[in-house]
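Quick notes on the structure that follows.
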Amino acid sequence: MDQWYKQGHQFHHAAVESCIKTIQNWETEIINYHRLRFTNAVVEGRHNKIKALQRRHYFTRNRNLYKDRILVECNLAYMKGIA
């Protein structure tokens, strides 16, 4: 990585310098991703589903119905046997 940083600094361009700085700040996370390939995409996807459900059912008074709907919405693929 150090050799790559040195090559990048030779360009003397603001966008390249900014990119190198960002990569240096996130270097550990970037390396870990390329070693293991784990992401939090599943968690983010479920979070988005819950937020969308929350927008659609804003005035739902029955809290148990709301909780049950979240469970159905987030596990729909599992229940259908897709996942």
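Here the structure is a predicted model, which is why all the values come from computation and not from measurement.
- When side chains are defined from C-beta on, M1 counts as touching I23, because their heavy atoms get closer than 4.5 Å.
- When all heavy atoms are compared, the tightest approach of C74 to I50 is SG-CG1, 3.7 Å.
- Put simply, CZ on R46 and CD1 on I70 are 12.5 Å apart, with the number rounded to the nearest 0.5 Å.
- Heavy-atom contacts from other residues, nucleotides or ligands closer than 6.0 Å to NE2 of H9 number more than 12.
- Taking each heavy atom of F38 and Y33 in turn, the nearest pair found is O-CD1, 3.8 Å.
- Proximity of L71 to K67: side-chain heavy atoms (C-beta onward) are nowhere separated by under 4.5 Å.
- Between the NE2 atom in H13 and the CD1 atom in I20 there is a gap of 12.0 Å [rounded to 0.5 Å].
- Atom NE2 of H47 is separated from atom CD of Q54 by 8.0 Å, given to the nearest 0.5 angstrom.
- Environment of NE2 in H57: crowded, with over 12 heavy atoms of neighbouring residues, nucleotides or ligands closer than 6.0 Å.
- Counting heavy atoms of neighbouring residues, nucleotides and ligands inside a 6.0 Å radius, atom CZ of R37 exceeds 12 of them.
- A 4.5 Å side-chain heavy-atom check between L65 and R69 finds every atom pair outside the cut-off.
- Hydrophobic clustering (ILVMFWY, side-chain heavy atoms < 4.5 Å, transitive): V16 and Y5 are in one cluster.
- Each of I30 and L36 belongs to its own hydrophobic cluster when Ile, Leu, Val, Met, Phe, Trp and Tyr are linked at side-chain heavy-atom distances under 4.5 angstrom.
- Between the side chain of T22 and the backbone N or O of S18 there is at least one donor-acceptor pair closer than 3.5 Å.
- Annotation: side chain of K6 is not in contact with side chain of Q3 (no heavy-atom distance under 4.5 Å).
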